[in-house]
Structures are given as structure tokens and as C-alpha cells.
Enquirer: 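Right, I'll just put the structure down here and ask away after.
On a predicted model such as this, the values are computed, not experimentally measured, just so you know. Each chain gets a letter, A, B and so on, in the order its sequence line appears, and its residues count up from 1.
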2 protein chains.
Amino acid sequence: MSGQERRERERAIREQLIVTVARELAEAEGWEAVTTRRLAERVEYSQPVLYSHFKNKDAIMAAVAVEGFAELAAQMRRARATAEDPRQAIAEAYLAFAAARPALYDAMFSQAVSLPFATPEAPAALHAGFDELRVVVRPVPAGVDEGLLTEVLWAGLHGLVTLTRGGRLPAGEQERRLALLLSLLP
Amino acid sequence: MSGQERRERERAIREQLIVTVARELAEAEGWEAVTTRRLAERVEYSQPVLYSHFKNKDAIMAAVAVEGFAELAAQMRRARATAEDPRQAIAEAYLAFAAARPALYDAMFSQAVSLPFATPEAPAALHAGFDELRVVVRPVPAGVDEGLLTEVLWAGLHGLVTLTRGGRLPAGEQERRLALLLSLLP
DNA sequence: CAGACTTGCTAGCGGTGCTAGGATCGGGGC
DNA sequence: GCCCCGATCCTAGCACCGCTAGCAAGTCTG
């Protein structure tokens with residue numbers, strides 16, 4: 001049945017289109033501007049079509065987040081490969097990603113999105129990103145758990161991102177905060 | 001004009017009632033359950049009355065957040081006074097507050113609420129809380145900015161709170177993460 | 001007691017996420 | 001070639017949201 005195959009292919013293309021448009025809309029105007037009506041209008045289908053691809057709006061955001069994990073991991077990997085101080089470069093890449101793509105970062109780490117995270121079923125890109133952060137904390141002294149230290153580093157970076165974006169911390173001086181954070185690592 | 005005074009007093013009481021009920025509702029069912037309709041119903045007035053006290057729903061959340069700042073500061077102060085290891089006790093109190101009152105914590109640090117934060121006009125209780133965190137990082141070695149170090153500590157704690165609550169970090173082991181974070185301080 | 005002002009209500013606007021039910025279109029069996 | 005059946009997609013609508021206009025009471029002032 002080549003007709004069936006073709007339809008499945010077209011369906012996959014349309015699903016990708018929905019995710020892409022949702023992401024563009026979110027990055028351009030923030031997630032509060034991403035309504036199912038506007039999204040449907042931009043993909044040139046009616047609202048119910050969205051629900052034939054995704055269970056609900058959260059699932060669309062989750063799909064966008066998965067894309068984000070891959071890009072964040074790639075960005076950190078690139079930074080590690082090209083910089084002379086890989087540790088600082090990776091951490092800087094993390095903050096730069098969050099600053100450049102706030103909506104994407106929110107979908108990944110702030111919003112309620114229901115995705116498996118701290119389990120083996122988590123998206124592979126998420127594990128890849130976490131592994132990049134492992135590089136930052138190395139070498140780990142004896143007696144310190146590398147995974148735990150990576151989590152604490154991640155928390156520090158994430159805290160800097162969210163407190164700054166929410167206006168809780170003044171926007172300047174972020175480089176100094178990052179330098180101080182990195183200098184604390186054993 | 002004692003009538004006028006009485007009315008102003010009653011108005012203030014009603015305003016406090018709105019804040020209290022909003023907070024109770026949020027703590028019981030989360031902020032997404034705090035709608036102006038339900039809030040109005042619980043304070044036994046109509047919706048528009050809310051808007052004669054507050055500019056919008058965000059302002060109500062901000063008022064709740066201000067209460068939270070005071071309580072968090074008080075909780076950390078109490079922990080410092082009674083514990084034998086004040087540094088750890090203060091940090092533990094921070095995490096305990098966030099775990100015990102997630103909705104309150106969200107209003108204070110996660111939601112969009114428009115409050116002055118990193119300025120002298122910020123609520124006094126916020127400064128008090130920040131000063132408690134200063135105690136945690138002391139004594140600060142020469143050459144390190146105490147304020148900056150406190151911000152980094154705060155970011156670490158806040159990151160732990162939000163990543164854990166969002167399911168990004170496994171819920172257990174929080175004590176070990178905290179111990180590790182504190183051990184990193186100079 | 002009359003008028004002005006305050007207070008709080010009902011009703012409604014434009015939006016949200018999501019879904020029921022019907023029209024339309026394509027492929028397969030007779 | 002025709003008909004039917006299932007997939008596909010849309011219109012219309014539900015229940016809810018934050019917020020506000022405009023009116024009906026109640027309260028104070030002259």
C-alpha cells in the first residue's frame with residue numbers, strides 16, 4: 001500500500017511542522033502567545049488536527065523541549081571541542097543557550113511539561129547534555145561523587161539562569177558569578 | 001470622621017482576607033486553581049471587588065509573595081539561632097521552606113510576579129532573607145566578594161529546589177547534594 | 001430631607017484548552 | 001462502474017479564564 005505509506009510520511013511531516021511552528025512562535029513571542037488557535041492558524045489546519053497528533057498542549061511543548069535538549073548538548077559539545085579552557089567554555093555555552101533561547105529553555109527546564117527526566121527513559125539528548133556537564137567538574141577528587149557534583153553544578157547554573165531572568169538577580173555580572181561558581185569546584 | 005476611619009480599617013481587613021485566602025487556595029491546590037472567580041467566591045464578594053484592591057491577579061500573587069519573604073527570613077533566622085551549626089541549619093531551612101510551601105515559594109521566586117527585587121525598593125523581608133544567606137558563606141576569604149558569593153549560593157539552592165520539584169533531579173539525596181554544595185564554599 | 005458620592009453587584013467581552021458531531025474524500029469489494 | 005466504509009478534517013460549541021462597563025443600592029453631607 002504505497003498510498004498508506006505516503007500518508008504516514010505526510011503525517012510525520014505535518015507533526016514536525018507543528019513542533020517547528022510552536023517553537024518559532026514561542027521564541028518570537030513567548031509561550032503565553034502560543035495558543036492552540038494561533039498555532040493551528042499558522043500551520044494552516046484547524047485546532048482539532050493538533051489533537052490528532054498530540055494529546056494536549058503540554059505534549060507539544062514537550063516535543064519542542066526534546067529538540068532543545070539536542071541543541072543544548074550539541075552547543076556544549078562544540079564549545080568543548082573548540083575552546084582552550086573546555087570547562088569554562090561548556091558552562092558559558094550553557095548560560096549562552098539559556099540567554100539566547102529563553103522560551104526553549106523554559107520548555108526544557110521550567111515548565112510543567114511531563115517528560116521522563118531522571119530515568120534511563122529520558123531523552124538521549126538529555127543524557128548527552130548531562131555528560132557534557134560531567135566534563136566541567138572533572139577531575140573529581142577521591143571521595144566525591146561525580147554524578148552528585150554534576151547535579152550541584154547544574155543546579156547552580158540553572159539557578160543563575162532562572163533568578164536572573166526573573167529579575168531576582170541583577171542582569172550584569174553574570175560572568176563574574178560564573179567565574180566564582182567554577183572556582184568553587186574542587 | 002470616625003466613619004471614614006472605620007471604613008478604611010474594614011477595607012484593610014478585607015484586603016488581608018483576600019491575600020490570606022489566595023494563599024490558602026494556592027497552597028492547597030496550586031496557583032492554577034487560584035482563579036479570580038473562585039477567590040471571589042471564597043472571600044464572599046464579587047469578582048470586581050478584588051480589582052478595587054489590586055490592579056490585577058499578579059498583584060495579588062505579589063502580596064502573597066511578600067508574606068512569604070517574611071516567613072522564609074524568619075524561618076532561617078530561627079534556624080540560625082537554635083542550631084549548633086548555623087550555616088547548615090540556615091541552608092536546610094531554605095530547602096525545608098521550599099519543600100513545605102511550594103506554592104508560596106513559586107510566587108516568591110518562580111512566577112512572573114512584578115516586584116522590585118535587586119534594588120533598595122525590594123521588600124525589606126527579602127533583604128533580611130538575603131542577609132541570612134550571607135551568614136552561610138561567612139567567613140569570606142580575602143579577594144572574594146561576599147555579595148557575589150551569596151548570590152551564587154542562592155542560585156545553587158534555588159536550582160536544587162526547582163530542578164527537584166520539576167522532576168529534573170531525583171527527589172532523594174537532597175541532603176547529600178546540600179552537604180556537597182556547602183562543602184564547596186571557601 | 002435632597003443630592004452627591006461611594007460601594008458592590010450583574011452581566012458581558014474577548015480570550016483560553018479541548019471536543020462532539022457532521023461533511024468530505026479516497027480506496028477496496030462487488 | 002458503483003457503492004460503501006473508514007479515515008480525515010472542519011464547524012461549532014462547552015466550560016472556563018482575566019478583566020470591566022454600567023447600574024442599583026447604601027452612606028454621608030449640606
Enquirer: Would B:Glu173 and B:Arg177 pass as an ion pair if we require N to O under 4.0 Å?
Expert: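 Looking at B:Arg177 together with B:Glu173, the answer is no, because their closest N to O distance does not fall below 4.0 Å.
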
Enquirer: Quickly work out the B:Leu50 CG to D:dT20 P distance and round it to whole Å.
Expert: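 Value for this atom pair: 12 Å.
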
Enquirer: What integer distance in Å separates B:Ile60:CD1 from D:dG18:C1'?
Expert: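 Roughly 11 Å, once rounded to whole Å.
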
Enquirer: Kindly indicate whether the side chain of A:Val136, heavy atoms from C-beta on, has any atom under 4.5 Å from the side chain of A:Met76.
Expert: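 Of all side-chain heavy-atom pairs linking A:Met76 with A:Val136, none is under 4.5 Å.
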
Enquirer: CH2 of B:Trp31 versus P of D:dG18: gap in Å, rounded?
Expert: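 Whole-Å distance recorded here is 12 Å.
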
Enquirer: Spell out, as yes or no, whether a donor-acceptor pair under 3.5 Å connects the side chain of A:Arg168 to the backbone of A:Gly166.
Expert: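 The answer is yes, because a donor-acceptor pair under 3.5 Å joins these two groups.
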
Enquirer: Verify whether the ring centers belonging to B:Phe69 and B:His127 lie closer than 6.0 Å.
Expert: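 Between B:His127 and B:Phe69, which both carry aromatic rings, the centre distance is not below 6.0 Å.
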
Enquirer: So, A:Arg101 and A:Glu67, do they make that salt bridge, N to O below 4.0 Å?
Expert: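 Salt bridge between A:Arg101 and A:Glu67, a charged N being under 4.0 Å from a carboxylate O: no.
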
Enquirer: Indicate for each nucleotide in nucleotides 7-20 of chain C, in 5' to 3' sequence, whether protein heavy atoms under 4.0 Å reach the base (B), only the sugar-phosphate (S), or nothing (-).
Expert: SSBB-B---BBBBB

